[in-house]
Amino acid sequence: MKRAFATAFALLIATAAIAQKQPVTHETLWLMKRVGAPVLSPDGKWIVFSVTEPAYDEKEQVSDLWLTASDGSTKPRKITFTKGSESGVAWSPDSRRIAFSAKREGDDQAQIYILGIADGGEAQRVTSVSSGARSPEFAPDGRSISFAASEYRNATDDESNKKLTKDAKDRKANVRVYETFPIRSWDRWVESDKQIRVMTQSLDPGSKAKDILGGTKLVAEAGFGGTGFGGEGGESIDSTWSPDGRALVVAVTTTRNSAAYAEVGTDLYRVDAAGGEPVRIAHGEGSYGSPRFSPDGKTLYAKFSPNNKKPYNNDRIVAFDWPAMTGERTVVGAPFDRSVDSFAVTSDGRSFYFTAEDAGLMKIYTAPANGSGNATLAIDPQRGVYDSLQIAPKSATMVMVGRWGSSINPAEIVRIDPVAKSHRNLTDFNVEQSAKLDWQPPQHFWFTNKDGQRIHNMIVLPPNFDPNRKYPLFVLMHGGAASMWRDQISLRWNYHLLAKPGYVMVMTNYRGSTGFGEALAQSIQADPLRGPGNDINAGADEAIKRFPFIDGSRQIAGGASYGGHLANWMEATTTRYKAIISHAGLSSLQTQWGTSDGIYHRELMVGGPSWENNPIWRDQSPITYAANFKTPILLSVGEHDFRVPMNNTLEMYAALQRMRVPAKLLVWPDENHWILNGENSRFFYTTVADWIAKWM
């Protein structure tokens, strides 16, 4: 009797605790502090990271650097207090100073600042480069730094760059002129008259920056460029100092001008720190990036992704003997059928650790650093995502840190223990708040599709879930396609916020998804939409069959980017969904090919250009089946989206109007491929919820 009473009382307490949980709101998610990637000091004692305090008014948003001890002995404390944000943090070799890029009062462009961590005080600006400076790195002796800058192609130093900048401002005609490709990237036009450079500068007072690539034959190549066009900083370049401080290793391309008709590769070059003609030290049919050295300086590591006319190859880690650079490169951890993300080498140089996607999670793997053994799973989390892995190179004991978060745990800085196969939080900016919310981790299930492939899925339940009720099904389709649904918080398509009105979410990692091996990722070559669409519909069918609380008569679907392509494909090929939401979706493969910022890899997906009469260009384009359009659809697009340009959405909308299908069009004048403004995001979620409710 006592045991029965105790059990009933415990259930009553548990039910009361659940009832006290707070609902997930847009405000709750948007205003959560956002913890940046950790930057670990070489001695392993300290971690610097950014914390962004979001606001709906971007002018009120604050981002600063914080410091905490890696052993958890101190609470995190803020170390910058300016209105602008900081980026590209790097530690000095003696672990006493940090360098970062920031645009502060009086700066026309972002410059490099140095802040003493051991001694305190104010950050001191050390560069005055006309085009701005970013991505600093200390030389091994700590007396110099390197950094990246965007310079005019004909500039040989900062003075000549200033003159060319003035000439451009004085030019009366306002026109962009191109003779090569690409011409756009994500949300910006490529500046054809500028290119990425690497600069070095002594930290002695009065020193000036030296452009160590300016005037070389390398940068005069028509196809010279860095490792991509990404983020607000524009084009990026991967570089690192050699162990003796006499040179830098950089990853660049000389074939970007062939991007319209061939795969572009990046090579590794050695550049003298004092200047001079760079020497190519590693070339392959593919792209090198993220070069870095082992703690003893005897091995150069880099990521490598092969070019083989197939989409979505795994990133691998390769090793070279340094400084000889002789013999074949060694692939670390081979064979390993996942793509390497962040990686680090232990201070004794024996072991290699890295993160990689796997079945909705990001796990930690290890391998012998010399390439003598296979990769093995080091930490297998039950849920969530590890990223930004770092190991202290000068610590006598293992110090490994990173970030960890899940779909119900905002990412925080963690200390990772590979022996115990666990981690502990070093920050807790959002822990208390997230624990109060009424959300549950996703459930995972698998099925085998009609082609014999095992397909992974996650479902997310709505708040106040009652297994005895029937819930509509919301089929959410991820973008990429080279990505996967992760057990991770997303602001763009937040599972829990979308499920809040009372929907069960199902997210299928269809063929083409990463995190399940190269073969599955590449299986959408010559089958870009039909195969993935079949997997998604089969995933919905499997969920309805497995979970009795799903009402199979009420289904909706939505997605963005590649998920938007698939949403339009659902509009064209099925009437199973009561309503559809498509953001940044293509109308036809040929339209997307001709107007996107990248084109050749789209040919690789299909199997050749459209004028060779490959039927896939038409057969797997949603607009081909406009006569079948029947499902009410909400279309959304940013005017500054150059990845999936606005003409795709306008073409879909025109066809829907012609076919008299209920449709609503959202055009975001200030947005690009993503909806980044807080108020716009809130409006989007509200509109999505209203659209679904109207047609459900």
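Quick note: numbers below take in every heavy atom, side chains included, and nothing from hydrogens, waters or symmetry partners.
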Distance, nearest 0.5 Å, that separates OG of Ser407 from CH2 of Trp485: 11.5 Å

Between Ser621 and Ser588: side-chain donor-acceptor atoms closer than 3.5 Å: no

Validation row: Pro54, Met32 side chains within 4.5 angstrom (heavy atoms): no

From CA spacing to verdict: side-chain hydrogen bond (donor to acceptor under 3.5 Å, both in side chains), Thr28, Thr25: CA-CA 5 Å; Thr28 303; Thr25 65; 2.6 Å; yes

Side-chain (Gln555) to main-chain (Gly552) donor-acceptor, under 3.5 angstrom: yes

Arg415 side chain vs Ser70 backbone, donor-acceptor pair below 3.5 Å: yes

Ring centroid separation Trp674 to Trp186 under 6.0 Å: yes

Carboxylate-amine/guanidinium proximity below 4.0 Å for Asp487 and Arg383: no

Plane angle bin for Tyr625 and Trp569 - parallel if under 30°, tilted between 30 and 60°, otherwise perpendicular: perpendicular

Side-chain donor-acceptor contact under 3.5 Å, Ser342 with Ser388: no

Geometric class of the His456/His444 ring pair [parallel <30°, tilted 30-60°, perpendicular >60°]: tilted

Trp30 and His26 aromatic ring geometry - parallel, tilted or perpendicular at 30°/60° bounds: parallel

Arg658 atom CZ: more than 12 heavy-atom contacts under 6.0 Å: no

Any Leu656 side-chain heavy atom under 4.5 Å of Glu571 side chain: yes

Side-chain (Asn648) to main-chain (Pro645) donor-acceptor, under 3.5 angstrom: yes

Nearest heavy-atom neighbours spanning Ala572 and Pro622: CB-O, 3.6 Å

N/O donor-acceptor pair under 3.5 Å between Asn430 side chain and Lys33 backbone: yes

Check: Phe354 ring centre within less than 6.0 Å of Phe336 ring centre: yes

Parallel, tilted or perpendicular: rings of His583 and Phe684 (30°, 60°): perpendicular

Any Asn568 side-chain heavy atom under 4.5 Å of Ile623 side chain: no

Cation over ring face, Arg682 and Tyr56, 6.0 Å, 45°: yes

Heavy-atom neighbours of Arg492 CZ exceed 12 at 6.0 Å: yes

Pairwise side-chain contact, Pro23 with Lys500, heavy-atom cut-off 4.5 Å (strictly under): yes

ring-ring contact (aromatic ring centres under 6.0 Å, His included) contacts in which one or both residues fall within residues 629-665, not counting sequence neighbours: Trp189-Phe642

Asn457 side chain to Thr508 side chain, donor-acceptor N/O pair below 3.5 angstrom: yes

Met484 backbone acceptor or donor facing Asn509 side chain under 3.5 Å: no

Donor-acceptor pair, side chain of Asp438 and main chain of Asn464, under 3.5 angstrom: yes

Pair Ser523-Gln453, side-chain donor/acceptor within less than 3.5 Å: yes

